[in-house]
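Sequence lines set the chain letters: A, B, ... in the order given, protein chains first and strands last, and positions in each chain run from 1. The figures that follow rest on heavy atoms only: side chains count, while hydrogens, waters and symmetry mates do not.
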There are 2 protein chains.
Amino acid sequence: MTEATRRERLRAETERDIRRQARALLVARGRDAVTLRAIARELGITAPALYRYYDSREDLLRRLADDICTDLAAELNADLRQIGEDDISAQVYSVCRGFRRWALAHPQEFALVFASTEDTLGSCGPDGERGHVGDQFGRVFLEVAGRLIASHPLPTGIGADVPENLHADLAEFQQILLATVNDRGVAVDEQGLPLGAVYHMTQSWVRIYGHVALEVFGRFPFAVSNPEPMYDSMLAQILGELGFPPQP
Amino acid sequence: MTEATRRERLRAETERDIRRQARALLVARGRDAVTLRAIARELGITAPALYRYYDSREDLLRRLADDICTDLAAELNADLRQIGEDDISAQVYSVCRGFRRWALAHPQEFALVFASTEDTLGSCGPDGERGHVGDQFGRVFLEVAGRLIASHPLPTGIGADVPENLHADLAEFQQILLATVNDRGVAVDEQGLPLGAVYHMTQSWVRIYGHVALEVFGRFPFAVSNPEPMYDSMLAQILGELGFPPQP
DNA sequence: ACTGTCGGTGAACGCCGTTTACGAAGTTGA
DNA sequence: TCAACTTCGTAAACGGCGTTCACCGACAGT
């Protein structure tokens, strides 16, 4: 089973330890507190040793961001498993609420992964591709959203007047979505996932991300004493536009 | 006229120079490059001298954020002056497009002001109040949005089913809005700015901020080759929901 | 047993924020 | 005018930082 040599196992273990400590520092005292020396101190080694595992502090932060995406995806998937396989609307609620809950509980991680300029932190995910939400997390989100749309006859006029200039981009995204959903064993084609719906999904991500980021960064235009109903009402409206009845 | 002593003038001048250099560093090489020593070096003085003007680096960054808000507001106002006083719809387009243009042209500044966790950078604006979008900028935005709504009979059902729990918060925000708009000499009361419209305005800010932040941080779920029409189409929809005809 | 790689060390370089003691001007008031 | 005081700068120092480099012991493969 374990094809790894002793050396490789040890290496992988320290590698995990390093990121675990790095993450603890990020959570506790923010991005700037994630210093190589602090990590090393915590691990009982010296700072230069870390260069055997990471090219630089920036490299470490990049991989840390990957870890965070993976864990977020795992958390959302765990929530999903508690929901009936067929109640897709509830699954969407679960993922969206889970995303907000996670972001508010882990603002530093959220800022690192979802609010870093591209030059201070490359794209998240092992592939260097551009324009992805952190891969693992993105998959969960896209899959459930894609299944939602494909599962239901869409209201007429959904995503009406999608801008001409976006057809090409949306068509590409449509293919990614189809692949993602089909990977999960649900058969869908372009008919079940029309461009208008893909466009609507994009707009929904704008709203979900916008609300969560505004809340995390405290940039709502007034003091919202309890933002949760506002978020839920937004989700209800998004699902309502797709023809799903409201649901707590 | 100038009630300032010679000393005060000199002091204010250096203070501006400091922030000007700080800002240049922020733009050129990012937040982490805004170091006291680099600023001092650029100004031909030593780092401790900066403590005569600012309590700490963090304090400087806070005030820098204020400056940025002020400049952004000035830029948006300059654009506004080129538009007919009465074409409020065009004014809204101008402010919203200006915000996006500015954010894309100044990603580092955007990140500092609009995507900093509250503990790493206090609220923007001279008053320590919570829950404001950077004050100067916020004023421009709120004023034009408030005037837009008040200028027009609203479609029935706008902001239908605003969550009960938000009535109190929205009413408070409504008062702020009324004050802001009336300050500008436009007489409006609660009738012209109903809670549903205030709620719609909040949702619109979520979408506008969401789109801009996603674009700046490159976190759209797919590679959008030309995001501008997407943004414009979103604006058209927002205004359409308020009963305004589309307008390039 | 020999050889090479791997994962660690300690010293060093040049940054950084911040504090401290000190001095040289400018300002003020008798 | 001259003394006292305030303001704004300095140099030195402390501890912390990322990163590089030379070095070295332990392990792996032949």
> Could you give the CD-to-P distance, from A:E8 to D:dG29, as a whole number of Å?
Replying inline: 10 Å
> What is the distance, rounded to the nearest whole Å, between atom CD of A:E13 and atom P of C:dC6?
Replying inline: 19 Å
>> Could you tell me how far apart B:I45 (CD1) and D:dG9 (P) are, to the nearest whole angstrom?
In response: 6 Å
>> Output the rounded distance in Å from CD (A:E58) to P (D:dC17).
In response: 19 Å
>> On DNA chain D, compare the nucleotides closest to B:T46 and A:D55; which residue's is nearer the 5' end?
In response: B:T46
>> Students often mix this up, so state it plainly: with edges at 30° and 60°, are the rings of B:F217 and B:F110 parallel, tilted or perpendicular?
In response: tilted
> Taking CG from A:L50 and P from C:dC6, how many angstroms apart are they, rounded to a whole number?
Replying inline: 18 Å
> When you measure from the side chain of B:P48, which nucleotide among C:dT9, C:dG17, C:dT20 comes out closest?
Replying inline: C:dT20
>> Suppose we call two aromatic rings close when their centres sit under 6.0 Å apart. Are B:F114 and B:F137 close by that rule?
In response: yes
>> Rounding to an integer number of Å, can you tell me how far A:L43 CG sits from C:dT9 P?
In response: 10 Å
> Please give, in whole Å, the distance from D:dA22 C1' to A:Y51 OH?
Replying inline: 17 Å
>> Restricting to non-hydrogen atoms, name the atom on B:L235 and the atom on B:Y93 that form the minimum distance, rounded to 0.1 Å.
In response: CB-CE2, 3.8 Å
> Quick one: which of C:dC15, D:dT20, C:dG8 gets closest to the side chain of A:A49?
Replying inline: C:dG8
> Which is true for A:Y53 with a 4.0 Å heavy-atom rule: it touches a base, it touches only sugar-phosphate, or it touches nothing?
Replying inline: sugar-phosphate
>> Just the rounded figure in Å: distance from P of C:dT18 to OH of B:Y54.
In response: 14 Å
>> I want to verify a distance call: between D:dC21, D:dC17, C:dT18, whose nearest atom is closest to the A:T35 side chain?
In response: D:dC17
> Is it true that A:F220 and B:W205 have ring centroids separated by less than 6.0 Å?
Replying inline: no
> Of the candidate nucleotides D:dA11, D:dC23, D:dT19, which contains the atom at the shortest distance from the side chain of A:R52?
Replying inline: D:dC23
> Honestly, is B:R100 close enough over B:Y231, meaning NZ or CZ under 6.0 Å from the six-membered ring centre and within 45° of the axis?
Replying inline: yes
> Is B:R37 touching bases, backbone alone, or none of the nucleic acid, heavy atoms closer than 4.0 Å?
Replying inline: base
>> Checking contacts here: which listed nucleotide (C:dC15, D:dT10, C:dG7) is nearest the side-chain heavy atoms of A:R11?
In response: C:dG7
